[in-house]
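Have a look at the structure below, then the notes.
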Amino acid sequence: MASRFQLTSAAELELASTIETLELVRVQLPLMEPFVAAHGTETTRDLVLVHVVGADGVSGWGECEALGAATYTSEDAEGAWRFLLDHLGPAVLAGRPVDVRPHPMAWTAVQVAILDLSLRRSGVALAVHLGATRTSVPSGAVIGRRDSIDEVLAAVAGHLDDEVALIKLKIAPGWDVEPLAAVRATWPDLPLAADANGAYRADDTVWPALDALGLAYIEQPLGRAEVEATVALQRRLRTPIALDESIRSADDLRFWIECGFTGVVNIKASRVGGTDEAMAAISLAVAGGLGAFVGGMLEGGVGRATSLALAGLTGLTIPTDLGPSARYFDRDLTDPFVLTAGHLTVPAGPGIGVVPRPDRLAACTVSHRTMRR
Ligand code: MG
């Protein structure tokens with residue numbers, strides 16, 4: 001497993017040796033509205049973009065999805081920026097192996113940028129490279145915590161006008177059964193899910209009430225490492241449990257399956273350390289009969305394009321919760337992703353299929369560094 005987190009294979013080193021410059025671009029994208037989850041609130045999306053340019057002038061882009069604060073995982077945007085600037089960027093340019101296991105999101109930005117460059121050279125779309133066969137995917141919507149039930153119902157109604165395939169509410173103790181039951185009462189047949197971001201305990205009294213709501217899944221009910229308690233909770237519930245924060249590599253998922261986990265897995269390339277590792281996790285999930293979907297991370301356009309390529313794989317039977325750009329940003333960094341009859345289009349152009357718009361980069365960049373071989 002460790003090899004997937006190091007620049008050590010002959011092919012990777014050969015590819016890295018063709019990179020002349022590696023740029024780091026830190027951007028601040030204002031969110032349309034604060035996103036409130038059990039782990040914290042994001043008001044501005046702080047992203048680090050990696051841009052690699054080859055001697056032939058071909059370039060590739062990758063996006064680091066670490067949040068502004070180390071809440072969702074132990075990575076944060078500032079730490080990722082320092083790691084990329086001080087360690088990972090120089091190591092890539094020197095063709096020097098580097099252990100990136102503590103920084104999967106920073107590594108993913110580099111891995112995707114190098115892969116994007118390689119695929120652009122050969123004119124192959126990332127989705128095709130990964131084996132994705134779907135040209136568009138049904139999209140669900142995630143609703144962060146609101147001030148009132150009426151606000152939740154209004155938000156759901158707005159998404160249903162857009163024909164989304166599933167609604168997922170962020171929940172936390174004190175904000176769970178009541179909003180979910182209100183949505184369920186209003187739309188009895190709606191595919192509905194909940195994401196707890198690890199905010200509950202196995203002995204909480206809320207489980208029977210949540211289990212009675214006919215949810216598609218309850219995501220990350222317990223802490224990341226609570227394997228036994230989560231597997232035991234799953235046995236008490238009819239509702240599938242989905243793992244998000246618990247899965248930081250394909251090996252993590254293998255371990256959970258060996259421990260008897262039978263639910264659903266939320267796949268995020270950035271969380272597991274790149275598209276190769278995400279593919280390995282998806283293969284395990286499909287082989288193990290688990291449900292799986294690609295989850296969103298408040299991505300900018302570069303990250304959204306990368307995630308949509310993965311979401312195009314046929315083994316992912318549950319709607320992605322990636323959404324259109326306009327749900328998050330007044331203006332995205334790339335041309336915007338739009339929802340058409342509840343579906344998002346998988347990018348078909350070479351590489352990840354998108355590049356940041358120069359005018360948007362100019363407007364949103366707060367720091368910029370260029371490293372040369
Ligand atoms: Mg989640």
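From a predicted model like this one, the values you see are computed outputs, not experimental measurements. Atoms within each ligand, like the ligands themselves, are counted from 1 in listed order.
Remark: R369 does not engage D86 in a salt bridge, criterion side-chain N to carboxylate O under 4.0 Å.
Take D176 and apply the salt bridge (charged side-chain N to carboxylate O under 4.0 Å, His left out) test, not counting sequence neighbours, and it matches no residue.
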Side-chain donor-acceptor contacts of residues 136-143 below 3.5 Å, not counting sequence neighbours, with atom names and distances?
unit_1 : atom_1 : unit_2 : atom_2 : d
S139   : OG     : L322   : O      : 2.7

Under 3.5 Å donor-acceptor pairs involving side-chain atoms of residues 285-301, not counting sequence neighbours:
unit_1 : atom_1 : unit_2 : atom_2 : d
E299   : OE1    : M297   : N      : 2.9
E299   : OE2    : M297   : N      : 3.1
E299   : OE2    : S307   : OG     : 3.3

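Between W207 and Y200, the distance from one ring center to the other falls under 6.0 angstrom.
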Using side chain to side chain donor-acceptor pair (under 3.5 Å), reason through E245 and T73 one step at a time and then give a plain yes or no.
CA-CA 7 Å; E245 287 91 332; T73 66; over 6 Å; no
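Ordered by chain and number, D195 OD2, E219 OE2, D244 OD2 make up the set of protein N, O or S atoms under 2.8 Å of the Mg ion (ligand 1).
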